[in-house]
Amino acid sequence: MTNQNSSIIQCQRNVGPHNLTHIPEFYLMGLSEDTELQPILSGLFLSMYLITVLGNVLIILAVNCDPHLHTPMYFFLSKLSLVDICFISTTVPKMIVDIQTHNRIISYVGCLTQMSFLIIFGCMDYMLLTVMAYDRFVAICQPLHYSIIMNPRLCAMLVFASCLVSLLDSQLHNLIVLEFVYLKDIEISSFFCEPTIILNLDCSETVAKTIITYCLGMIFAFFPILIILSSYYKIVSCILKITSLGGRYKAFSTCGSHLSVVCLFYGTAIGQYLESVVSNSSRQGVVSSIMYAIVTPMLNPFIYSLRNTDILNTLRRLYSRKFSCQVLSKPISM
């Protein structure tokens with residue numbers, strides 16, 4: 001209790017904390033103060049948002065329309081695409097509106113709501129990528145038992161478990177934030193309510209809060225990485241046992257897209273976390289936040305479609321079918 005009181009007093013002397021009972025809203029950091037640049041930024045991020053939504057929707061349509069893609073791998077991919085749409089939709093639409101209206105205000109409840117959805121969909125990305133790594137491990141290392149192990153019931157249970165874990169992660173972060181009494185500042189050094197920045201706004205640095213925060217990081221970040229690394233270690237071991245180069249290439253090509261997305265997602269997430277903790281420059285933090293929250297969901301459909309002939313062939317068939325229907329529906333002029 002003494003440590004908590006001393007930290008609050010120290011925060012009061014140095015920063016001038018704000019009592020949460022008197023904070024109805026926060027102030028987000030704008031991307032640019034240049035009024036001529038803001039329409040360009042608005043158009044740029046709107047284009048990136050539409051590309052992300054369109055690309056992920058096409059993957060969902062391709063998986064649902066083609067019976068040949070009704071496999072566990074593509075089932076998880078369609079769920080990942082849906083989560084990516086939800087993830088980018090928690091930040092970009094409000095950011096575009098803020099740029100257009102020159103408004104950087106977000107309510108206290110709105111900030112906690114945005115943070116909650118970010119954690120839910122971000123954690124869902126972690127969980128689904130982990131589940132997909134396990135799916136690739138079973139497909140490559142135990143191909144004869146793949147259809148038995150990865151049955152529809154298990155796939156549905158894994159997605160449901162990912163949702164529950166994500167909701168639990170979000171609620172635990174909310175409980176930590178709701179315990180805050182004093183905040184260092186009401187200005188958030190980002191264009192959205194990043195969980196790491198919100199947690200760093202608290203004046204009191206109690207031992208319990210630190211332990212809970214690190215435990216959450218261990219459970220919801222370290223363990224998924226450990227499962228993915230162990231899965232790929234076993235996958236590589238199995239691939240190296242294949243004698244033919246063609247067989248090795250075919251086996252590794254089935255998980256190349258997933259490995260690329262894992263490296264992109266975890267690389268940008270770790271970079272964004274390190275920037276928020278180490279860097280004193282808010283502008284550098286914004287760049288890493290854009291990479292993590294906007295660029296990564298936009299690139300995922302390209303990685304999975306360009307490296308996957310099944311997805312590309314399905315999209316071509318859907319397009320040709322639509323084109324042929326349009327031609328047949330045109331009236332014949334006499």
Side-chain angles (χ1 to χ4, degrees), residues 23-61 80-125 166 170 173 177 185-198 201 261 264-265 268-269 271-273 275-276 279 281-305:
I23 297 180
E25 57 198 20
F26 290 99
Y27 293 89
L28 299 172
M29 186 183 71
L31 294 176
S32 175
E33 300 297 333
D34 188 354
T35 55
E36 296 181 357
L37 188 60
Q38 289 179 358
I40 299 175
L41 291 174
S42 179
L44 175 64
F45 289 115
L46 178 61
S47 301
M48 296 173 72
Y49 177 72
L50 294 177
I51 290 172
T52 303
V53 173
L54 178 61
N56 284 290
V57 166
L58 287 176
I59 288 180
I60 295 173
L61 289 175
L80 182 67
S81 297
L82 178 61
V83 170
D84 281 339
I85 293 174
C86 297
F87 183 72
I88 196 172
S89 297
T90 60
T91 56
V92 175
K94 175 170 175 50
M95 181 183 66
I96 295 173
V97 172
D98 290 346
I99 293 174
Q100 291 293 326
T101 59
H102 307 285
N103 180 27
R104 299 188 295 115
I105 297 174
I106 185 171
S107 65
Y108 175 75
V109 175
C111 187
L112 289 186
T113 303
Q114 187 183 61
M115 185 190 75
S116 299
F117 282 114
L118 276 170
I119 294 173
I120 289 173
F121 298 125
C123 188
M124 276 288 291
D125 269 322
S166 303
S170 175
H173 276 85
V177 174
D185 203 348
I186 59 174
E187 291 189 4
I188 299 173
S189 58
S190 180
F191 58 92
F192 63 94
C193 295
E194 291 187 33
T196 53
I197 295 178
I198 300 300
L201 290 178
V261 172
L264 179 65
F265 185 81
T268 54
Q272 185 267 340
Y273 174 77
E275 284 285 354
S276 63
S279 177
S281 173
S282 58
R283 292 298 171 187
Q284 292 180 359
V286 167
V287 173
S288 60
S289 298
I290 291 174
M291 290 294 299
Y292 170 69
I294 302 177
V295 176
T296 300
M298 183 185 69
L299 293 180
N300 285 353
F302 293 99
I303 294 174
Y304 273 107
S305 60

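Here OG of S289 is found 5.5 Å from CZ of F191. Values are rounded to the nearest 0.5 Å. Atoms CG and CD1, on L80 and I60 in that order, are 9.5 Å from each other to the nearest 0.5 Å. Taking CG of N56 as the start and OH of Y304 as the end, the distance is 11.0 Å to the nearest 0.5 Å. Here the CE-CD1 distance, from M29 to I188, works out to 11.0 Å after rounding to the nearest 0.5 Å. The CD1 atom of I106 sits 5.5 Å away from atom CG of L28, with the distance rounded to the nearest 0.5 Å. To the nearest 0.5 Å, atom NZ of residue K94 and atom SG of residue C193 are 8.5 Å apart.
The shortest distance between side-chain heavy atoms of T268 and V295 does not fall below 4.5 Å.
Here the side chain of S170 pairs no donor or acceptor atom with the backbone of I119 at under 3.5 angstrom. Although no hydrogens or angles enter the test, the distance criterion places no donor-acceptor pair under 3.5 Å between the side chain of S42 and the main chain of Q38. The closest donor-acceptor contact from the side chain of Q114 to the backbone of T91 lies at 3.5 Å or more, if one exists at all. Using modelled atom types, one side-chain atom of T296 and one backbone atom of M291 make a donor-acceptor pair closer than 3.5 Å. Within the 3.5 Å criterion, the main-chain N or O of M124 finds a donor-acceptor partner in the side chain of S166.
Between I88 and P93, the closest heavy-atom pair is O-CD, 3.7 Å. The two residues F265 and G122 have their closest heavy-atom pair at CZ-O, 3.9 Å. Between T52 and P301, the closest heavy-atom pair is O-CG, 4.4 Å.
Screening residues 39-59 for ring pair (Phe, Tyr, Trp, His ring centres under 6.0 Å) gives no qualifying pairs among residues at least two apart or on separate chains.
Using cut-offs of 30° and 60° on the angle between ring planes, the pair Y292 and F87 is perpendicular.
The side chain to side chain contact (heavy atoms under 4.5 Å, CB included) with M48 is formed by just one residue from the set L50, L44, L46; it is L44.
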